[in-house]
Student: 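Take this structure first; my questions come after.
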Amino acid sequence: MIIVMKKGAEQKEIDDVTRWIESVGYRAHLSKGVERTIIGAVGDERGKVFLKSAEMMPGVEKVVPILQPYKLASRESREGDTIINVGNVAVGGPKFVVIAGPCAVETEEQLMESAYVVKKAGASMLRGGAFKPRTSPYSFQGLGEEGLKILARAREKTGLPVVTEVMSASDVELVESYVDVLQVGARNTQNFALLKGVGHSKKPVLLKRGMMTTIEELLMSAEYILASGNDRVMLCERGIRSFETATRNTLDLSAVPVLKEKTHLPVIVDPSHAVGQWRLVPPMAKAAVAAGADGLMIEVHPDPRHALSDGPQSLKPEKFYRLMDEIEEIASVVRKE
Ligand code: PEP
Ligand code: MN
């Protein structure tokens, strides 16, 4: 259920409704919009009849059921789009956001060089994995905490906020102490213990769509994070498994307008992991901008041939510079800055 407050409802009325929601066994999630406050009542169905009576309370306009299983992530539970501020970058607002960098942090030099390329190109955030979810246990697993330290130094030098993956709930505290955005990777989209773990963090989360998860399942995973108390979630479409073998995954671009219809959360597209080959990254990146995404995540490496992971899908700096110019043009057509 959501309780929609009247325009200009007083703080005392909001507090009274919040207390009422809690007294009938629900948790109250406040969403203050420009015009009005919406209070989400989250809990099981048992107290539904009591909630309905909130309609008689001062300051309440109406009480409406949310039909989707994802309550807090649904459009009804919030007025307008969620904008997530990461440092001075606003994700989900009028500005198109590009997150770029290597698949993995390999060395200080490699990351610093990548960071300067990303900054020079005009991207907003730096990515780089320190804990890598590799298919083979014999592949490079990432530098762990040393990689996080390198990311933190790159932020200090460039001012770019940094995004990195956290693979286990027990690592959340360590990872959040170094970086600005916690990434939940495609292999962990339905790792519910991890979702609760990042849900208790104060840092924003970039939640990737699993290669086998439906849009609704992705939204249910976002709901875990929101319901745990973290309302700063960005969703990321990164390709799903299909029968097609020409590309690493199949980029589900229709997920962008579908998600924009169903949720207020920002939507990012990662064409790199979707296509798996650098030549295909620019066309799909541009298509994602045109489809209405709020941002892109792109793998860029100063020397892809020697990359320790995902070299074949990483753009060289000069290709990335060109793509950034094209993105800017398309973004302006779809009214993004
Ligand atoms: C990544 O972004 O580093 C990554 C491993 O991506 P995904 O989880 O989408 O495969
Ligand atoms: Mn990668």
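Being a predicted model, the structure only gives us computed values, none of them experimental. Counting starts at 1 for both ligands and their atoms, following the listed order.
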Student: Please assess Thr82 against His264 for the test side chain to side chain donor-acceptor pair (under 3.5 Å), listing each intermediate value before the final yes or no.
Tutor: CA-CA 5 Å; Thr82 284; His264 51 86; 2.8 Å; yes

Student: Is any N or O atom of Glu165, backbone or side chain, closer than 3.5 Å to an N or O atom of ligand 1?
Tutor: no

Student: Could you tell me whether Arg19 and Asp16 have a side-chain N and a carboxylate O separated by less than 4.0 Å?
Tutor: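 Salt bridge present between Arg19 and Asp16.
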
Student: Any idea which protein heavy atom is nearest atom 7 (P) of ligand 1, and the distance to it?
Tutor: Lys208 NZ, 3.5 Å

Student: Pull up every protein N/O/S atom sitting under 2.8 Å from the Mn ion (ligand 2), skipping waters.
Tutor: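 Result, waters dropped: Cys103 SG, His273 NE2, Glu299 OE2, Asp310 OD2.
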
Student: Which atoms from ligand 1 have a heavy atom of Gly185 less than 4.0 Å away?
Tutor: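 So the atoms of ligand 1 that pass are 8 (O).
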
Student: Closest non-hydrogen protein atom to atom 4 (C) of ligand 1, residue and atom name please, with distance?
Tutor: His273 NE2, 3.4 Å

Student: So that I can tick it off, tell me whether Arg75 and Asp81 are bridged by a salt bridge, with the cut-off set at under 4.0 angstrom between side-chain N and carboxylate O.
Tutor: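 Between Arg75 and Asp81 there is a salt bridge, with a charged N closer than 4.0 Å to a carboxylate O.
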
Student: Are Val98 and Met234 joined in one hydrophobic group, where the rule is that I, L, V, M, F, W and Y side chains link up if heavy atoms are under 4.5 Å apart?
Tutor: no

Student: Ion pair present between Glu326 and Lys286, side-chain N to carboxylate O less than 4.0 angstrom?
Tutor: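 Here Glu326 pairs with Lys286 in a salt bridge, since their nearest N and O are under 4.0 Å apart.
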
Student: Just wondering, more than 12 heavy atoms not from Asn88 lying within 6.0 Å of its CG?
Tutor: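 At most 12 heavy atoms, drawn from other residues, nucleotides or ligands, come within 6.0 Å of this atom.
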
Student: Is there a side chain to side chain donor-acceptor pair (under 3.5 Å) between Gln110 and His306? Walk through the geometry before answering.
Tutor: CA-CA 11 Å; Gln110 169 253 14; His306 292 101; over 6 Å; no

Student: Return the residue, atom name and 0.1 Å-rounded distance of the protein heavy atom closest to atom 8 (O) of ligand 1.
Tutor: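 Result for atom 8 (O) of ligand 1: Ala186 N, 2.7 Å.
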
Student: Just need the protein heavy atom nearest to atom 9 (O) of ligand 1, so name the residue and atom and give the distance.
Tutor: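 For atom 9 (O) of ligand 1, the nearest protein heavy atom is Arg238 NE, 2.6 Å.
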
Student: Between the side chains of Arg36 and Glu61, is the shortest nitrogen-to-carboxylate-oxygen separation below 4.0 Å, so that they form an ion pair?
Tutor: yes

Student: Please report which non-hydrogen protein atom sits nearest to atom 2 (O) of ligand 1, along with the residue it belongs to and the distance in Å to one decimal place.
Tutor: Arg127 NH1, 2.7 Å

Student: Has Lys132 got any heavy atom lying under 4.0 angstrom from an atom of ligand 1?
Tutor: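 It does, in that a heavy atom of Lys132 comes within the 4.0 Å cut-off of ligand 1.
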
Student: Hey, does Met211 sit under 4.0 Å from ligand 1 if you only count heavy atoms?
Tutor: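 Met211 does not count as a contact of ligand 1 under the 4.0 Å cut-off.
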
Student: Evaluate the salt bridge (charged side-chain N to carboxylate O under 4.0 Å, His left out) criterion for residues Arg127 and Glu165: first the C-alpha distance (whole Å), next the side-chain angles of each, then the deciding distance (0.1 Å), finally the verdict.
Tutor: CA-CA 9 Å; Arg127 63 148 287 148; Glu165 178 161 354; over 6 Å; no

Student: Check Glu113 with Lys316, please: is the shortest side-chain N to carboxylate O separation under 4.0 Å?
Tutor: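 No.
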
